[in-house]
Structures are given as C-alpha cells and as structure tokens.
Amino acid sequence: MSSKNVKSTRVESELAGCREEGNWSKILELVEQLSSGKAILYNLMVGEAKLEMFLEEHPPIESNIAKACSGLNEAKSYLTESISELSTQSGLSIDSHMLLAKLCYACGHYDEAMEHCTEAKLNSIIQTDLQIRNIRILSESFAVKGLCQEKLKPASSSRFKKTEWIEGVIKNYEQAANLGILYLQELDNKENQLMLPSPLGGNAPQITNNNSSSATGSHSPQPVNMTHSLSILVETAILRLPILLIESSNYTGAITTFRNILSACEAHGSHSIRLILTYQFAEFLLRKVSPKYYSLPTQSTPSKKQSSNIRRSKKYNTINMFMPRSEHEEVILLLIISEAMAARNAVLSQSPEFKEARIRAFSLATAIYDLLTFALVLWGQYNMLYESFERAMKFSADDAHVWMQQALCLEAAGRHIKALEVLTQVICMQPNAIVPCLLAARICYQHLFKMEEGLGWSQEALKREKMHSANLLSRCNLYIGIGAQCMALTSFLKSVKDKYHALCFESLNKAQQLDPNDHLVYYYLAFYYACLAKVPEATTKVRQALTLNPEHTPSLQLAILLLSAQKKINEAKSLLESSLEDFPDHIGLLFIKARIELQTEASDVALVTAKHMLSMCKASASNEGSPSIEHTDTRSIFQLYTTELSDKDSNSLGPARIEQALSEVASSISSLVPQRPVTNTVWHTQQNVWLLLAEIYLSQEQFDSANNCLLEAASIFPLSHHIMFMRGLFHEKRNEFNEAKQCYQNAVTVHPAHLKSLQHLGLMYHYLGSHRLAEKTLRDAAKINPYAPETWYNLGKVLESLGETDSATDSMATALQVEMVSPIMQYTSIPLPFD
C-alpha cells in the first residue's frame, strides 16, 4: 500500500512539473499511471491537456470559433467531470472553472464563460500563494472575463451603467496584465535558480530559451517556447487596456497604464508585447496628448492601492534610472527603444519558411521608423535619425521607402552630396517614380550647383511622367525651366545662352498652361524676363505671382528689384516697408533695404540696418543646433537666404565647393582662425553681413572698422572669394592699386566668373597702365552679364584711353542704356525658391 502511495505521489509530482513546462503529450502518458482513486485529477489533467494542445494549434480567436465548437467537446466533458463536491473541497474545481471559462470563450459562449469566472471567484484566488502555472491560468481568466464583458455590453443606455461596465473591463485587464507579466518574471526567476552553481560542484544544466534573438537580428527564427510567452488572451487584454482608456477619454489613465506596464522588469517572452506598447505609447503622446493631460514620469509610478496580499510584478526602480524631463524626451526615448528592439527582432533570413515572420517584423519596423522620422524631424534631430536609418539598412536594403526616408533625412541635415547618392539608388529601385527625380534635381540646383545634372534629372522626371502619369507634368516642366535658366546664366557663349533661354521659355510656358494657378511658374517667368532686362514683361508676371500668393517672399524681392530697375525708388521703398511689416526678420528683404539706404540715403542709416541684421545672425547662430518646435504658416521668421554676395550673384556655380575646401584647409593649419561649419547657412549669412558692414564703413572711409569687419568675415570662411574681393576694394579705396589688383586676381582664381572682381580687376589694370589686359578682362565680364552698367562704363574709360573713341562712345552709350533697366541689386541675388 505504501509503495502505491509513493508511486502516486511521484506521478503527481511529475504531472505538476510537466504542467508548468506545458508538456501536454507527456501529461497524457502520465495520467494513465494514476491510481483509480484519482479520477478528479485524471479528468482535470486530460481535459487541460486536450484544451491546451488544441489552442496551441487553433488560438482562441473569432475565426477559430467554429473549429473550437467541434474540436473541444471531449476536453469540455473531461473538465466538466472534474467538477464535484470533492474537487471543490480540494481546490481543483477552481482550476476546472478557469479552464472551462477559457474553453467557452474559444467556442464563443461568452455568457457561459462569465458564469465559470464567477464560480472560480477570481478576486479571492489572487490573494493566495499561487504556483507558476496557476498564475498563468489566473491571468488568462481575468483576460477572458474582461474580453467577455466587452462582448456582452450592457443593455442599458444609462451613463452610469456604461461607466461601471468600462471600469469593470479595465479592472480585469489590469489584473490580467499584472499577472501575465508576473508569470514571465517568475519563470525567469525559476530558470535563474536552476542555472546557479550546484552546491556539489559544477553547474546545473543550461536551459535554452528559444524565444530570444540575437542583437543582430534572427537569421533563423526558432519555434516559440510556449512556457516563455504570454497567452494570446493576455496579450489581447494588455493591448486593449490602454486603447480602452483612450477611447473613454481617460488620457491620464492611459499614460499611467503604459508606464506601469513598460516599467515592469523585462522577462523572456515579453519582448514582442513590449515593442508594440512602446510604439503605441510614443504614437499616443505624439498624436493625442495635450499638455493638460501630460505629467512627467516619477521614480515610482503611482498606481491604485491594492491589497497587501496581492502579488505585483517587479518594476524597474533604481537610483541611476534615466527619467525624461519633458514630453519630447519621453517620446524620443520610447521610439529609440522601439527602434532598438525592432532592429534586434528583425528576421534576416531570406528562406521561404520565414517569409511571413520577415514581412511582419519589417512592417512593424517600418511603422516605427516612420514615427521616429516624424518625431526627430519635428525637433531637428536629423543626425540621430540618419544613424537609425543606417541601422535599418541591414534588414531593409531592398526597400525603396526606407532609402527615400534616408535621402530626405540627409537632405534636411545638409548632407546634400550623400543625399543625392541615396536618391540615385532610389531612382534605380523605382523605375517609374517621378518625385525622387525631382528631388534630386532640386538638390543639384539649390545646394550642389550641378545645374547640368539637375537638368538631366528634371528631363528624366518628365520622361517618366509621360509614361506613367502622376499629375506632375507641370512641375517637371517647371524644373526643366529652372535648370535651363541656370545653364543660360552660367554659359559664356551667346549661342549656348540662346539655346538654354529658348528651352527655359518653352518649358515655363508649358508649365503655365498646365497649371495656371501655380505662383512659382509666374515667378520664374518673371525671373526669366528680368534676366533679359525685359522689365515690363517681368513686372507683369511677378504681379501675377503675387496675386496667386501674396506671401511669396522671393516674388516680393523680385518686385522690389524690378521697381528699382525702373527707377521707381519711392515705390520700391513703399513695397519694401510693407513687406518688412509682414516679414520683419527676413534677411533677404533686409539686405535690399540696406542696399537701397546705402545708395539713396545716408550711409549711417544703412549702418543701423546692417547692425540689426548682424544681431539677428548672432542670435540665430547661438541657437543653432537646438531643436525648435516653433512654426508659422506666414513664414515671418528668420529666413536664411543668401544675398548679393552669394555664389549665384556672378552666375558661377562651382567655386562654392572650391572655396569651401580651401577654407577648411586654412582653418586646419591656422590656430588663429576658429573653425566654422562651412556648409552652415547661418554662418554663411553672417559672413555676408560682415562684408556688407565692411562695404558701408569703406563708403565712410572708416578703414579700421572696415578691416575689423573683414577679419570677422575671414574667421568664418578664410579663403572665400567674397573676402578677397572686399580686401581688394579696401586697398582700392586707399589707392593701393597693386595690392588691390592682387586681391582681385585671387578672387578670380577661386571664382573665374565673379562679376564684381572682374569689373574692378579690369579697372586696376587700367589704372596701372595695362589697358589691353583691362579691355580683355572687362569684355569677359560683359560676356558673363551683358546687363551690368559698371562693366560697360569701365570698358568705355579703357577704350577712351586707348584712343578708340567710337568704341568708347558705344560702350558709354550701352552703359547708359543698360543703367535705365538695371536694378539696385542683381536679380540672381534671390535664391532659387521651390515653394
């Protein structure tokens, strides 16, 4: 008799172990060894094993209800047989009721499932000392109870009843979440104890967790270990909990719930649910939460008071734990964590059997990267975003969307060369896409000064648009017109200029016909006419542009310059003042203001304006790099436009890169010259303001102040041709013609088509007696821009000294004629707009 008891005890012990491990097939073998007096335990074990084996193959979801109804009859009969007065006394009936509740839910019998939850008295069980398997079953029971409550909505429309119902569902989901996480933590603790060194020496056998993945992604995903994963019922309850709080407008409760779950100590099997919740929490903070609902996280997240007997999942709570100091920090922290987990869980294997897992992991990762893009771009963290996309490339190298996002990130970060390289890859990956071609053209035009390449991309976009229309025909023609205009401005030969001018006019006219409401087309038509000195036609077009978009600042700048070309200075001033009222910090408008004041009023007035511009530049430079979240639709913010001193003012598009490289070398070899980020528009603009100040001081013959301004400008870009030109002007004002000539020659070496340097270099040759060399230099300047009166006037003086009176007279007459349509600043001082 005693041997039978020992055997029965051993079998029961083995059954308990297999139950915790989820080894249901072994349980079905062991229950046959139970003694005849253990019928209740036999029925419970067989019913549970058959139920769990079925649900492993057919999860309890709505699409499997029909299968469950026919496939769980045998399990239901065993579990029902296990409920008796004797089982109630022994406590086994509680497990039977909880398992039957899960079975009934799988079959779609929600009322019956609720009855079994009531019979099990879940709230009483939670206060007892539970084994690991019982914690799992109990967490599933709370999940089943909450899910059934959601299915069985209250019949009454009473607001009180509805609130009571929602609170009941939420309470059950909270219990399911807490117990589900506790179950995984207890499993980890048990395995850690098993892996501790044995007191007899040596180590215990190592337990392999098949659900873990390497930090570099799963090359071959392993089957999920059921003992180390949450039930689909508990996962559903955890995911539904914050959504239900959000739907009931309890945003504060949703935030607390997200934090409570995510602050639980991580355990094997919780990675996937933690990844989803982290992403959802970040998305919720970005989209839903207003400041009145948001509060900073604390070291111990507040939660509802629970009975001291209720076991709670362990939370992270250490002294050195990082705590976000703002909503923005919390969002970015959540997304960085999500991105790290998504990259770790990425499926790298291309084997067909892993296709679904690979697609599922990649879809979630893509969603996280899209949200990360939104968040980091919002606060200007482009470099951090680029690093994330670099990590994403290991599992998304063939996805054009990620490549496109990376290209946009690089372009926003000012890394235009790299952005163009990535865009080239996108264009190859998407042979019918038009937008990448247009974006590549824009980068070439606006930043890289590769006008011919930009024109090629624009023509490729037009070709694709004709084959696969995306309603971008007008925009394609516009970009071709922009490229052709730039090519015309950079060409020396008249035949080439005429060719590109014809292409520009044809393309812009097509764009206008296709989209007569696009203000940008009218602006570029006005710009085209202005560059050809056709002032009346340009004025008509720029007025049409302003009619369509009165707040388009490039059109306002062009209109002011056109008024100055017609010598309507008062009207130009009036338009400038009204424009500055709307855009008081627009640097391009302020440059025009200073230039008008320098030529038409006292230089002291221009000096005040220039000093104001300098203070703006310094304020912008000191704030640069810090994330900004202030935006305005009117764009009356500090617009960092290049000016008359930009590389485009002389229609040459390569020297920017040359002087940039030279400036980097100069900065690196001279400890006296502080290094500046040479591609930074803020510093470029500040340099231009220093040069403007130097010019104003030279007009007042304050040479010391002018020299100080030049030193400040040189500390930003040491070998800029603008600085060389201004140094030449400095020496010229002091009648130091040899030194001035050398400075102008240096400027032309860096920038062979810098118009002002050529004009003054020709004059220096003339003053120093090299009249033929002066003539050649000035004629080269005239080829670059035949509408500059200074060129013709200086050429007339040179020809007169050579005794060529007729030619000199013609040059002077041309200078007078051109002067009648010459603006106060060159039209090319306005940067190329694309919006």
Side-chain angles (χ1 to χ4, degrees), residues 61 139-140 142-151 153 162-184 230-267 269-298 300-304 306 312-316 324 327-339 341-342 364 367-368 370-372 374-375:
I61 55 178
S139 68
E140 290 177 331
F142 275 112
V144 166
K145 186 176 180 183
L147 291 168
C148 289
Q149 284 178 312
E150 273 210 85
K151 298 286 186 181
K153 295 182 180 180
K162 187 176 181 181
T163 303
E164 186 180 30
W165 164 73
I166 291 176
E167 288 178 353
V169 176
I170 290 172
K171 184 177 179 182
N172 286 311
Y173 285 163
E174 286 176 341
Q175 297 285 23
N178 172 58
L179 289 167
I181 296 170
L182 177 63
Y183 162 72
L184 295 177
L230 288 173
S231 161
I232 189 173
L233 297 168
V234 179
E235 283 194 357
T236 304
I238 293 174
L239 294 175
R240 284 291 299 157
L241 177 55
I243 293 174
L244 200 60
L245 288 163
I246 293 169
E247 289 175 350
S248 59
S249 300
N250 186 359
Y251 300 135
T252 303
I255 292 173
T256 302
T257 297
F258 274 122
R259 287 174 178 165
N260 277 336
I261 298 173
L262 292 175
S263 64
C265 294
E266 190 168 1
S270 67
H271 303 310
S272 60
I273 194 74
R274 185 180 290 268
L275 171 58
I276 295 171
L277 285 173
T278 307
Y279 167 76
Q280 287 182 343
F281 188 22
E283 184 178 27
F284 171 62
L285 290 177
L286 274 173
R287 294 187 177 186
K288 290 278 187 182
V289 179
S290 65
K292 68 178 180 179
Y293 297 114
Y294 180 83
S295 59
L296 290 174
T298 55
S300 55
T301 308
S303 59
K304 294 181 179 178
Q306 302 286 348
R312 309 292 298 173
S313 57
K314 297 181 180 66
K315 307 287 184 184
Y316 288 115
E327 181 182 353
H328 310 144
E329 278 193 5
E330 185 165 13
V331 169
I332 293 178
L333 175 64
L334 287 166
L335 288 172
I336 290 174
I337 293 171
S338 300
E339 185 251 333
M341 289 192 290
L364 181 58
I368 291 170
D370 286 345
L371 202 60
L372 190 65
F374 178 78

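Computed from heavy atoms alone, side chains included, the values below leave out hydrogens, waters and symmetry copies.
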Evaluate the side-chain contact (heavy atoms from CB on, under 4.5 Å) criterion for residues Ile246 and Tyr251: first the C-alpha distance (whole Å), next the side-chain angles of each, then the deciding distance (0.1 Å), finally the verdict. CA-CA 6 Å; Ile246 293 169; Tyr251 300 135; 4.0 Å; yes

Looking at every heavy atom in both Leu179 and Ser139, which two are closest together, and how far apart are they?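 For Leu179 versus Ser139, the nearest heavy atoms are CB-CB, 3.5 Å.
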
Residue pair Leu277 / Pro242: nearest heavy atoms and the distance that separates them: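 So the minimum-distance heavy-atom pair works out to CD2-CG, 4.2 Å.
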
Using the side chain to side chain contact (heavy atoms under 4.5 Å, CB included) criterion, which residues pair with [X]? Sequence neighbours excluded.
{"X": "Lys162", "value": "Trp165, Ile166"}
{"X": "Thr236", "value": "Leu147, Ile232, Arg240"}
{"X": "Thr278", "value": "Leu262, Arg274, Leu334, Ile337, Ser338, Met341"}

Got a sec, which residues hit salt bridge (charged side-chain N to carboxylate O under 4.0 Å, His left out) with [X], two or more places apart in sequence or on another chain?
{"X": "Glu167", "answer": "none"}
{"X": "Lys151", "answer": "Glu62"}
{"X": "Glu140", "answer": "Lys102, Arg136"}
{"X": "Glu330", "answer": "Arg259"}

With heavy-atom distances below 4.5 Å as the criterion, would you say the side chains of Phe284 and Ile255 are in contact?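 The answer is yes; the side chains approach within 4.5 Å.
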
For Tyr279, ring pair (Phe, Tyr, Trp, His ring centres under 6.0 Å) partners two or more places apart: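 In terms of ring pair (Phe, Tyr, Trp, His ring centres under 6.0 Å), with neighbours along the sequence ignored, Tyr279 is linked to no residue.
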
Listed by chain and number, what are the side chain to side chain donor-acceptor pair (under 3.5 Å) partners of Glu327, not counting sequence neighbours?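 In terms of side chain to side chain donor-acceptor pair (under 3.5 Å), with neighbours along the sequence ignored, Glu327 is linked to no residue.
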
Please name all residues satisfying side chain to side chain donor-acceptor pair (under 3.5 Å) with Glu266, sequence neighbours left out, ordered by chain then number.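 In terms of side chain to side chain donor-acceptor pair (under 3.5 Å), with neighbours along the sequence ignored, Glu266 is linked to His271.
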
